[in-house]
J.: 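Pasting in a structure now, in structure tokens, and then I'll have a few things to ask.
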Amino acid sequence: FFSSFQTLLDSVLATTTATDSSTSSTSIASMLKLEKPILEMAKAYGWSLLAMAPEPRDVEAIAKEGGGLQSIDSISRALYVPDTAGFIETTRDPTFRLFSERSLMKDFVPSNTNTNPDGTPTAEAAAATSAQAAAFFAQKILIHETAASSLARFATQRPDSLVLALASFSDVRYFGGIA
């Protein structure tokens, strides 16, 4: 769920049914339809749901040329990455670089595959691929850091709780991910 959905999630779980009529806007209804089994299970067991994803506009903004964390408004940035300096330092750590190369970047597929007759990428393709890889990397680490920060906040507020995170396999595979 996107971060902006947290209030809605809390509201839906506080109602008597997962499809209460007070939550009938189109975007809310579509979210409820897609996630209805999760909402129903959470209601049935009295579980809290945690919105752990950055907003799509912020994921797009961070990937644009000249983007980066500074392209996200300060309120959202503080929500996604509470310790910006520590986060940046982490990305310089050799272990993080190893994670990036061996796990995170496995899912990167360049869109420009023009090659020279010898099979090497053209200069244009190499430049485009480098920019695309940087954008992909920025998006993935923002998504991971937002989830990790959300989980850390929840754990701090409710240290006696257990947490079950639902995420795509590419975000939690063996060499790090949402950690």
Side-chain angles (χ1 to χ4, degrees), residues 1-63 67-93 95-96 99-100 103-104 107 137-179:
F1 297 106
F2 302 123
S3 298
S4 61
F5 283 19
Q6 189 62 58
T7 302
L8 171 65
L9 290 172
D10 295 342
S11 172
V12 167
L13 292 174
T15 63
T16 55
T17 65
T19 56
D20 188 291
S21 60
S22 65
T23 59
S24 60
S25 81
T26 304
S27 64
I28 295 170
S30 64
M31 186 272 294
L32 292 176
K33 182 179 178 185
L34 288 172
E35 310 299 349
K36 189 174 181 179
I38 295 169
L39 292 167
E40 289 175 347
M41 180 178 263
K43 285 182 75 68
Y45 289 97
W47 295 342
S48 297
L49 289 176
L50 186 59
M52 301 185 336
E55 300 302 316
R57 70 176 179 276
D58 294 332
V59 174
E60 289 301 317
I62 199 170
L69 285 175
Q70 66 276 9
S71 66
I72 300 172
D73 70 83
S74 60
I75 294 171
S76 295
R77 187 173 53 239
L79 180 67
Y80 303 154
V81 186
D83 178 14
T84 306
F87 172 69
I88 291 169
E89 188 61 33
T90 298
T91 63
R92 295 182 179 138
D93 182 276
T95 307
F96 185 84
F99 155 68
S100 299
S103 185
L104 183 73
D107 297 322
F137 176 78
Q139 289 175 319
K140 291 301 268 187
I141 62 172
L142 175 66
I143 291 166
H144 290 182
E145 186 63 18
T146 302
S149 295
S150 297
L151 289 167
R153 260 190 313 281
F154 184 82
T156 300
Q157 295 165 356
R158 299 179 59 184
D160 59 326
S161 297
L162 295 175
V163 175
L164 170 67
L166 300 178
S168 68
F169 179 71
S170 65
D171 290 323
V172 292
R173 74 166 68 108
Y174 65 97
F175 210 105
I178 301 169

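Computed from heavy atoms alone, side chains included, the values below leave out hydrogens, waters and symmetry copies. Quick note: residue numbers are just sequence positions, from 1.
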J.: Can you say whether the rings of Phe137 and Phe96 are parallel (under 30°), tilted (30 to 60°) or perpendicular (over 60°)?
T.: perpendicular

J.: OH of Tyr80 to OG of Ser149: how many Å apart, nearest 0.5 Å?
T.: 11.0 Å

J.: Got a list of side-chain donor-acceptor pairs under 3.5 Å for residues 44-53, not counting sequence neighbours?
T.:
residue	atom	partner	partner atom	Å
Ser48	OG	Arg158	NH1	2.8

J.: For Ser76, enumerate each residue passing the side chain to side chain donor-acceptor pair (under 3.5 Å) test, keeping only those at least two apart in sequence or located in another chain.
T.: Asp73

J.: Which residue pairs pass the side-chain hydrogen bond (donor to acceptor under 3.5 Å, both in side chains) test when at least one of the two sits in residues 83-93, sequence neighbours left out?
T.: Asp93-Thr95

J.: Checking Gln70 now: which residues fulfil side chain to side chain donor-acceptor pair (under 3.5 Å) with it, not counting sequence neighbours?
T.: none

J.: Do you know the tightest heavy-atom contact between Glu145 and Val81?
T.: CG-CG2, 3.7 Å

J.: So, using side chain to side chain donor-acceptor pair (under 3.5 Å) as the criterion, who are the partners of Gln139 when residues are at least two apart?
T.: none

J.: Side chain to side chain contact (heavy atoms under 4.5 Å, CB included) for Ser150 and Phe154? Distances and angles first, verdict last.
T.: CA-CA 6 Å; Ser150 297; Phe154 184 82; over 6 Å; no

J.: Working to the nearest 0.5 angstrom, can you tell me the gap between Glu40 CD and Leu13 CG?
T.: 11.0 Å

J.: Please report the closest heavy-atom contact between Leu142 and Thr146, naming both atoms and the distance.
T.: O-OG1, 2.7 Å

J.: Below 4.5 Å, heavy atoms only, C-beta onward: do Phe2 and Pro56 meet side chain to side chain?
T.: yes

J.: Got a second to check how far Arg57's CZ is from Ile62's CD1, nearest 0.5 Å?
T.: 13.0 Å

J.: Closest approach of Leu79 and Ser3, non-hydrogen atoms and distance?
T.: CD2-CB, 3.8 Å

J.: Applying ring pair (Phe, Tyr, Trp, His ring centres under 6.0 Å), can you list everything that pairs with Phe87, at least two apart in sequence or on another chain?
T.: none

